[in-house]
Asks: 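Below you'll find the structure I mean.
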There are 2 protein chains.
Amino acid sequence: MERKSIAIEDTWDLSRIYANKQEFYTDLEKAKDLLSSLLQQKDSFLENDDQFLKFHQDETMLSRYIQKLHCFAHLHCDVEPNNQEYQTMYATILSFYDQVTSSLDFYTVMMIENSDKVAQYLEDEKLEDYRYSLQEVLRQKKHVLSQELETIVSKTSSISDISSQVFDALRLDYDPVHVDGKEKVLNSATLTEFLKNKDPKVRKEAYHNFFKEYKKFENVYAATLSGVMKKDAFYADVKNFEGPLEASLFDDNVPTSLFFKILEKANVQYRPLFHRYNALKKKILNLDTMYNYDLNIPLVQYQTKKYTIDECFDIILDVVQIFGEDYVNIIKKAREERWIDYYPHAGKRIGAYSSGCYDTNPYILMNFIGDYNSLSTMIHELGHSAHSYLSCHHQSPVNCDYRIFVAEVASTVNETLLINYMLDHASSEKEKAYFLYELLENCVGLIFRQPMYADFEHILHTWAKEGKPMSSQMITDLYYTKNAEYYGPEITMDEYVGYSCYYIPHFYYNYYVYKYTLGMTVALAIVSRLLNGDEKQKEAYLNFLKSGGSKDPVDLLKDALVNPLEDQLYDDAFHYFETILNEFEKIILDMSSTL
Amino acid sequence: MERKSIAIEDTWDLSRIYANKQEFYTDLEKAKDLLSSLLQQKDSFLENDDQFLKFHQDETMLSRYIQKLHCFAHLHCDVEPNNQEYQTMYATILSFYDQVTSSLDFYTVMMIENSDKVAQYLEDEKLEDYRYSLQEVLRQKKHVLSQELETIVSKTSSISDISSQVFDALRLDYDPVHVDGKEKVLNSATLTEFLKNKDPKVRKEAYHNFFKEYKKFENVYAATLSGVMKKDAFYADVKNFEGPLEASLFDDNVPTSLFFKILEKANVQYRPLFHRYNALKKKILNLDTMYNYDLNIPLVQYQTKKYTIDECFDIILDVVQIFGEDYVNIIKKAREERWIDYYPHAGKRIGAYSSGCYDTNPYILMNFIGDYNSLSTMIHELGHSAHSYLSCHHQSPVNCDYRIFVAEVASTVNETLLINYMLDHASSEKEKAYFLYELLENCVGLIFRQPMYADFEHILHTWAKEGKPMSSQMITDLYYTKNAEYYGPEITMDEYVGYSCYYIPHFYYNYYVYKYTLGMTVALAIVSRLLNGDEKQKEAYLNFLKSGGSKDPVDLLKDALVNPLEDQLYDDAFHYFETILNEFEKIILDMSSTL
């Protein structure tokens, strides 16, 4: 499909950001003027509270321009990658952003050097808006070096990302898979399909043909994976952190105890629940030996219906009723004001995201094809957009951006509410089983698998911190062991399991995966309480959505009644999983017995 | 063949280093004591000239132990890799060396901080032996940072070598080549053979099947190649060098003008000679279109005789007569004292090298199979060993080690003298043509191809210095252009030429390749003068061999009457090439016409 053949109401309206090219470049000029002004203030902005405020107001304004300009250019490029005008805008704003970053590199060091004075300014009422974000700057005190050292450390960025670059550049070819005597193409996308095949030979061949390539290049992957671990250890070390974990958690001001609590809950206390689920799969599928790659065989054969965009909105509006009229109106606005670019077409970026800033709507890009997954993606991305919309309308520009740490809550809550809605409206036991299975699989990926990843990643980080040399043998042996423990006694490990760690991009993201678990756990706890009619939880959750990035993430979650430092949250989430598992087990065993 | 079945006189005698394991560990203990002693002297060694001398004497002694221990362990491991006792010794000495390096990291910074005092001590007669090497330490003044900065820079070593690690780890598979309807295995070794095949289809298929794999992984190679360039640019920048070229030449104290002179002579002034040679090949082979991969087809079909070890020595002793009795006796000693491990056997390291230190003989490892190449390798390695022997017997332990920059002179002189000997003793025009062709091919690789590599490498380094982003497209386009200019108008570039840069490890060695050219140019000039009976040159050359590393490399070469900063050296070398080419052209055209 070509973009121009899509109805205008099914595309996003970016003219609300800038009506024409001229407006873009006018704002760019204003941004440049602000940068010059900030540079002129370098030697004076700490002199008194008025100059201090003026500097930060200018800086905030500059950020707003940059974000708006960037938003306009990148959204356009994602749907019209061959439009050279937008490409030029995009390159221009990226290069301007680099210029801003390097010209303002004096800022943090000067703030830290004058932290007593800054702390005093922050007591002033007129700086209230800036209090939290500037205290966040001061919190870095122990980890900001002298200007001379910071300059060298910042120069290392040119050499420190080779591991990730190589990982991204290394694309493998896979031998084909034989299905009913025919050769079929194997790649990341088709692997998932082959692993659902009823024929064990197909599953095994697909798994082997895929991961034997990772074994073939194991020394390259060992170099890049250990390389990225060494990079994180290097930065943690030179920036005076105890280790890579402490360095990574610092930005979100999260204690390491939270990280270990998630691992303890998922990998120790509640892991038997996952083993029980695996055992159930083995029983239903009636397999003597169940390999790790057999876990993807669908337990329920059911074809969901197809949805139009309007039908999706009808369902979504029904689902979000629970949040009240304000939230419902935001969803309506998304359709009316054309926040969303729905359909796939030639050249359009794949996947889905929500993106915007203080001075734009929270736009959504998706590739809608009308299946249940499209519906689920839509309510997921609308969760992000509603969160952004509420934050921007209740917080100042300085405090509206929420962090990744809490970003997946709103989207996952919506997605989970949707499944529950589908369960409530299921017209057969089979349909119900299908959605329960969907929910279970969703949960497993986020609350069981990611903490196993996090455990593995943490050990690699620890090795790097200790300067231990890391061979592919060490890495793959470790991953094999972690997987064997994870899947439990009912499941047999394939010989290639150890090499499958080389396929996962998230290990390059510096302690990222545990955030998925936190997001899902929080969402499950919230949803289970909302579905029980907990009004206090509803209010607290809506306030959380309005709070943006005005506090530390942990404090935001505490306010949302989901304190991630306490056991209750995890116990609620895993018990919710258990409830779903009980329900599913009952239905699926009934169904099997009636077959 | 098994090692134990080889006659004892054809293996090296390492018992001259240590008669048993006990002696190795006794020396290791002595080295550890010396390290403790040096650490105790940290705060006092700059106090007066006696303590200063004592510290350096201890340090020299420590170095001698380390070198001797390392030599013993690595030579043993290279012929008996499965002997765990030697592996343990090797790992032990490497880890001790790391410990020494990091415990003595205060040294350079303290020397620089006290450079006035050090300069004064060096005037003292009793420090004469140390004068040159310590002045070399002081010369680094501008490039040694504060201890705090040096510590951070030294920590970057953990993240800066990922590019080289990945390059080393990335092993490719190649599609087979069809020869006479049969599939033949393609790899680095067989590629060379296929490119000599008379069938143009075989040559093309081999070249394409080989280099299409580099194209397939071009983005990985672009990341690693640009990565290593960024690394060099980073270190040059933080260590206050003008650029990577200046940083690389600094250690040898070589002016950049020398680098550019080599490029100018080889890539501009004398390149027409190479084009003439290519045109001659095209004419003799009678090809309408000659591709770059066609240049390896042998112009002379001739089978050299087989040699025993003793026959090789007879020839070599004849060849080196020109240097007089002392040199001849060194070669005899090499046989008598069993410096050489001749034959290949299961597990033995491939290739050939000369290796030793002040307190050992200059041992040689080779894989002798009795062909002309074995003979040539033997005289080449004996060139290195004679150079080391003479240096160690005429210089103090501080000044005996010569640098890479001048290391290839002695070996290349010998190799070139050998070819001339073979020419003199040739019994037919065909044999003569064969050795002339050998010499020409040898020269082309070193005096024409390497300067083209150096030019390409220098442009990549310059891009990195300027922070220019480097895509594979940019890199391969550049390499294509450089090759087209290099091969000249008679030769047609294959579409894969641009990707062949990804195959070459030397681009990871930081301005290494021009040193090959210098070594060969110097050797050609020396040989051509020696063969003209130039007695002054002979004396100067022998003195050069005795001078070790007692002066700057350029000064050593000046003393050897081959001043690398003057045109004369290059003009002599390239004219010598021209003479050989003239002679070869005459013979080969005569031979063709009589066919």
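Reminder, nothing fancy here: chain letters follow the sequence lines and each chain counts from 1.
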Asks: May I ask you to check whether over 12 heavy atoms, not counting those of A:Y97, lie within 6.0 Å of atom OH?
Replies: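 Result for OH/A:Y97: open.
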
Asks: Please report the C-alpha distance between B:L145 and A:I152 in whole Å, then the side-chain angles of each, then the deciding distance to 0.1 Å, and finally whether the side chain to side chain contact (heavy atoms under 4.5 Å, CB included) criterion is met.
Replies: CA-CA 11 Å; B:L145 314 174; A:I152 287 205; 4.2 Å; yes

Asks: Counting heavy-atom pairs closer than 4.5 Å to chain A, which one of B:K155, B:Q165, B:E218 comes out on top?
Replies: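 Looking at each option in turn, the highest pair count goes to B:K155.
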
Asks: What is the distance from atom CD1 of B:I162 to atom CD1 of A:I162, rounded to the nearest 0.5 Å?
Replies: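 The distance works out to 9.0 Å.
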
Asks: Does any part of the side chain of B:V166, heavy atoms only, come nearer than 4.5 Å to the side chain of A:L170, both counted from C-beta?
Replies: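 The answer is no; the side chains never approach within 4.5 Å.
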
Asks: Do other residues, nucleotides or ligands put more than 12 heavy atoms under 6.0 Å from the OH atom of A:Y107?
Replies: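 Atom OH in A:Y107 is crowded, with more than 12 foreign heavy atoms closer than 6.0 Å.
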
Asks: Tell me, out of B:S160, B:S146, B:S163, who's got the most heavy-atom pairs with chain A below 4.5 Å.
Replies: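 Among B:S160, B:S146, B:S163, the one with the most close pairs to chain A is B:S163.
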
Asks: For B:D173, which atoms come within 4.5 Å of any heavy atom of chain A: side chain, backbone, both, or neither?
Replies: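 B:D173 touches chain A through side-chain heavy atoms alone.
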
Asks: Is A:K204 atom NZ crowded by more than 12 heavy atoms from other residues, nucleotides or ligands, each under 6.0 Å away?
Replies: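 It does not: A:K204 NZ has 12 such atoms or fewer within range.
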
Asks: Around atom CD of A:E148, are there more than 12 heavy atoms from other residues, nucleotides or ligands closer than 6.0 Å?
Replies: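 12 or below, so no.
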
Asks: Hey, could you give me the CD1/CD1 distance between A:I159 and B:I159, rounded to the nearest 0.5 Å?
Replies: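 Spacing of CD1 (A:I159) from CD1 (B:I159) equals 4.5 Å.
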
Asks: Check this for me: B:K184, atom NZ, are more than 12 non-hydrogen atoms of other residues, nucleotides or ligands nearer than 6.0 Å?
Replies: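 No, the 6.0 Å shell around NZ holds no more than 12 heavy atoms from other groups.
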
Asks: First locate atom CZ of B:R171, then atom NZ of A:K216, and finally report the distance between them rounded to the nearest 0.5 Å.
Replies: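 So the gap between those two atoms works out to 13.5 Å.
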
Asks: Would you indicate whether B:E242, at its atom CD, is surrounded by more than 12 heavy atoms from other residues, nucleotides or ligands within a distance under 6.0 Å?
Replies: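 Not more than 12 within 6.0 Å, no.
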
Asks: Could you tell me which portion of B:V228 (side chain, backbone, both or neither) has an atom closer than 4.5 angstrom to a non-hydrogen atom of chain A?
Replies: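 It is neither, since no heavy atom gets under 4.5 Å.
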
Asks: Among B:D161, B:L149, B:D237, B:T224, single out the residue with the greatest number of heavy-atom pairs under 4.5 Å to chain A.
Replies: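 Max contact count across the listed options: B:L149.
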
